[in-house]
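The structure under discussion appears below in the form of structure tokens.
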Amino acid sequence: MGHKVWNDKKRFIWILTVLLLGAFVVTSGISYQVAHDSLSEQIEENTLPLTSDNIYSEIQHDLLKPIFISSLMAQDTFVRDWTLEQEQTPEKLVRYLKEIQDKYGTVTSFFVSESTRNYYHSSGVLKKIDDIDPNDAWYFRVRSLPKSESYEVNIDQDTADRNRTVIYVNYKVFDFDGNFIGITGVGLAVESVKKMIELYQTRYNRSVYFTDRQGNITLHSKGYAGGDTLQSTPGLEMLATRVLTSPSASFSYQRDGKTIYLNSRLVADFKWYLLVEQDETMGKQKLLTTFWANLGVSIFVTLAILLIANLTLGKYQRKLELMASTDKLTGAANRQAFEEYFSRSLARSVLDSTPMSVLLMDIDHFKAVNDQHGHNIGDLVIKTVSNMLKAELREEDLLCRWGGEEFLILLPNIDLSHGCDIAERIRKSVAERRIHVNGCEINVTISSGVAEHRASEKAEELINRVDIALYQAKEQGRNRVVLSY
């Protein structure tokens with residue numbers, strides 16, 4: 001029975017483990033899949049556009065400043081008056097340009113006169129613009145812009161320092177009658193602008209770069225992995241036209257086996273497109289980390305539940321086993337427990353060639369106790385006798401309540417003679433005991449039969465012999481011990 005209960009317990013624990021872990025894994029897996037499926041939509045529709053808006057706001061503060069400065073210079077009355085007055089005292093304009101550069105922190109400031117083609121710089125008159133010089137092509141390109149376009153942003157070498165690359169804002173200057181009289185502007189160092197981009201990239205953990213309206217990549221950070229143009233960037237070549245014809249759009253494309261989410265936005269004043277990218281790996285990594293963390297917590301919870309279940313089941317198992325194997329009134333073993341214990345004791349007795357004896361005891365005239373004092377007092381008498389029997393036994397002996405007032409005692413490694421001595425000692429102890437209940441004194445005696453197990457004798461045969469011996473003890477006057485030879 002105990003072995004069967006143990007197997008049932010193990011089976012239950014295993015089933016509970018599989019169910020719990022299965023439920024946790026399925027739940028975590030579904031949660032991961034749902035989160036993964038919504039990741040693209042979340043990035044494309046919310047996270048990335050919001051980041052793009054934030055960067056756009058910062059660009060308006062950081063990069064549109066030179067456009068504003070150039071516009072002020074082009075509208076400055078001093079510049080226009082000085083030009084119209086035949087460019088007298090060039091040092092005045094040079095000083096003006098120097099003040100502009102120092103005040104606004106630009107790397108260069110300049111003015112080119114359409115009349116004289118002189119290139120005025122904050123450090124002096126650098127040169128004359130020549131229509132056959134490739135380095136001066138920018139001037140004629142800006143001069144030919146339609147009236148709707150007053151300025152151009154381009155990246156070029158610094159005229160004053162060929163080792164430095166500058167982002168120029170070239171602004172057309174008109175006189176008071178609207179006639180073109182030259183081009184003025186300022187420049188920002190490319191490196192400082194790149195640092196701004198890298199700052200955006202670090203702050204928002206996104207890839208940031210710019211392209212002009214033709215798709216040429218104008219500015220990017222050090223970690224940029226695309227081509228020189230949108231059309232030559234793997235995965236973007238099919239989207240280039242859509243990017244360059246939409247003032248604001250969100251896309252996704254494949255690059256190196258990964259999904260890249262892209263948000264584009266036209267910076268109208270700068271005439272460039274701002275592009276912000278995010279690799280799905282970052283979002284997926286967070287989801288995977290959460291997934292494994294959930295599984296770890298699930299395993300911990302499962303182990304905790306199994307531990308509690310095991311302790312609880314063990315407690316109730318022991319309680320059930322105790323209830324199934326013991327007599328409720330006396331706490332002694334019942335017949336079922338006796339049968340299991342007898343089988344084990346018999347096997348050891350045969351294996352070790354040792355004797356084994358059985359005592360069957362019955363409380364004399366117990367019906368009279370019940371009739372005179374009631375069943376509650378009768379139960380108390382039975383419990384008292386049971387406790388007295390236990391006190392006389394060894395740890396390896398088994399006391400069993402065999403019937404209403406009958407007790408059977410199994411004595412491993414005890415022969416008939418020693419069994420008789422034990423039975424006699426118990427009989428005397430019970431006979432000498434006075435039980436006081438509700439002012440009454442109750443004295444009971446017991447009759448005993450003793451038998452030693454014979455070779456090849458079955459349990460029922462042994463019990464039958466000791467039962468006959470008990471019957472003889474009662475027939476001979478009770479309160480005595482009879483042996484079965």
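If you're wondering where the values come from, they're calculated on a predicted model, not measured in any experiment.
- Checked by atom type, the side-chain pair E87/T116 shows a donor-acceptor distance below 3.5 Å.
- Of the listed residues (R141, K271, K172), just one forms a salt bridge (Lys or Arg N to Asp or Glu O under 4.0 Å) with E149, and that residue is K271.
- Minimum interatomic distance between L275 and S264 (heavy atoms only, all atoms of both residues): CG-CB, 4.3 Å.
- A side-chain donor-acceptor contact under 3.5 Å links H121 and T108.
- Between the side chains of N216 and D228, no donor N or O sits under 3.5 Å from an acceptor N or O.
- The structure places CD of Q214 at 9.5 Å from CD of Q231, a figure rounded to the nearest 0.5 Å.
- Across all their heavy atoms, I167 and V153 have their closest contact at CG2-CG1, 3.9 Å.
- Between the CG atom in N263 and the CZ atom in R265 there is a gap of 8.5 Å [rounded to 0.5 Å].
- More than 12 non-hydrogen atoms from other residues, nucleotides or ligands lie less than 6.0 angstrom from CG of D352.
- Residues T106 and S109 bring no donor and acceptor atom of their side chains to less than 3.5 Å of each other.
- By the side chain to side chain contact (heavy atoms under 4.5 Å, CB included) test, R143 pairs with E114, R117, Y139, F140, F180, sequence neighbours left out.
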Could you give me the CA-CA distance, side-chain angles and deciding distance for L393 and L399, then say whether side chain to side chain contact (heavy atoms under 4.5 Å, CB included) is met?
-> CA-CA 8 Å; L393 300 179; L399 173 65; 3.9 Å; yes
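- Taking CD1 from I100 and OG from S122, the interatomic distance works out to 11.0 Å, rounded to the nearest 0.5 Å.
- Residues passing the salt bridge (charged side-chain N to carboxylate O under 4.0 Å, His left out) test with K92: none are found, sequence neighbours excluded.
- Using a distance-only test at 3.5 Å, with no hydrogens or angles considered, no donor-acceptor pair links the side chain of R394 to the main chain of E396.
- Counting only residues at least two apart or on different chains, the ring-ring contact (aromatic ring centres under 6.0 Å, His included) pairs with a member in residues 93-118 are F78-Y96, F110-Y119, F110-W138, F110-Y168.
- Salt bridge K383/D379: absent, no basic N to carboxylate O contact under 4.0 Å.
- Between V358 and H453, the closest side-chain pair of non-hydrogen atoms is not below 4.5 Å.
- Under a 3.5 Å cut-off, the side chain of D130 and the backbone N or O of I132 do form a donor-acceptor pair.
- For the atom pair CZ (R95) and OG1 (T89), the distance works out to 8.0 Å, reported to the nearest 0.5 Å.
- Side-chain contact check for Y209 versus T218: every heavy-atom pair is 4.5 Å or farther apart.
- The two atoms that bring D175 and D177 nearest to each other are OD1-N, 2.8 Å, heavy atoms only.
- Looking at residues two or more places apart in sequence or on another chain, you find no salt bridge (charged side-chain N to carboxylate O under 4.0 Å, His left out) involving E460.
- Side chains of Q254 and T259: a donor-acceptor N/O pair is present below 3.5 angstrom, by distance only.
- At least one donor-acceptor pair closer than 3.5 Å links the side chain of T233 to the backbone N or O of T229.
- Remark: of the listed residues L329, L408, T326, L329 is the sole one forming a side-chain contact (heavy atoms from CB on, under 4.5 Å) with R401.
- Residues passing the salt bridge (charged side-chain N to carboxylate O under 4.0 Å, His left out) test with E237, sequence neighbours excluded: none.
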Determine, stepwise, if the pair V142 / Y171 fulfils side chain to side chain contact (heavy atoms under 4.5 Å, CB included).
-> CA-CA 8 Å; V142 175; Y171 221 106; over 6 Å; no
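- S70 contributes a side-chain N or O that, together with a main-chain N or O of P66, makes up a donor-acceptor pair within less than 3.5 Å.
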Derivation and outcome, side chain to side chain contact (heavy atoms under 4.5 Å, CB included), residues I183 and V173 | CA-CA 5 Å; I183 296 175; V173 182; 5.8 Å; no
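- In terms of modelled atom types and a separation under 3.5 Å, the side chain of W402 and the main chain of I409 share no donor-acceptor contact.
- Tested against L380 for a side-chain contact (heavy atoms from CB on, under 4.5 Å), the candidates T384, N376, I382 yield a single pass: T384.
- Nearest heavy-atom pair, P90 versus V125, reported as atom, atom and distance to 0.1 Å: CB-CG2, 4.5 Å.
- At least one donor-acceptor pair closer than 3.5 Å links the side chain of S343 to the backbone N or O of E339.
- When atom types are taken as modelled, the side chain of N334 and the backbone of Q336 share a donor-acceptor pair closer than 3.5 angstrom.
- Within the structure, the salt bridge (charged side-chain N to carboxylate O under 4.0 Å, His left out) test picks out no pair touching residues 68-82 (sequence neighbours left out).
- Nearest approach of T330 to K390, heavy atoms of both residues: O-NZ, 3.0 Å.
- In this model, no donor atom of one side chain and acceptor atom of the other lie less than 3.5 Å apart for S113 and N118.
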For side chain to side chain contact (heavy atoms under 4.5 Å, CB included), just list the numbers for F174 and N179, CA-CA rounded to whole Å, side-chain angles, deciding distance to a tenth of an Å, and then say yes or no.
-> CA-CA 5 Å; F174 298 91; N179 300 309; 5.9 Å; no
Given salt bridge (charged side-chain N to carboxylate O under 4.0 Å, His left out), test K128 with D136 step by step and report yes or no.
-> CA-CA 9 Å; K128 279 186 177 292; D136 297 335; over 6 Å; no
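- Between M356 and L346 there is a side-chain heavy-atom pair separated by less than 4.5 Å.
- A pairwise comparison of heavy atoms in L219 and W272 identifies CD1-CZ3, 3.6 Å as the closest pair.
- When atom types are taken as modelled, the side chain of Y120 and the backbone of S123 share no donor-acceptor pair closer than 3.5 angstrom.
- In this structure, F407 and C400 have side chains that are not in contact, with every pair of non-hydrogen atoms separated by 4.5 Å or more.
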Would R255 and E277 count as a salt bridge (charged side-chain N to carboxylate O under 4.0 Å, His left out) if you check the C-alpha gap in whole Å, the side-chain angles of each, and the deciding distance to 0.1 Å?
-> CA-CA 12 Å; R255 185 175 70 202; E277 288 185 347; 3.5 Å; yes
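- Using modelled atom types, one side-chain atom of Y273 and one backbone atom of L244 make a donor-acceptor pair closer than 3.5 Å.
- To the nearest 0.5 Å, atoms CG (N413) and OG (S345) are separated by 10.5 Å.
- Summarising the geometry, atom OG belonging to S207 is positioned 8.5 Å from atom CD1 belonging to I260; distances are rounded to the nearest 0.5 Å.
- L230 has its side chain within reach of I217: a pair of non-hydrogen atoms, C-beta onward, lies under 4.5 Å apart.
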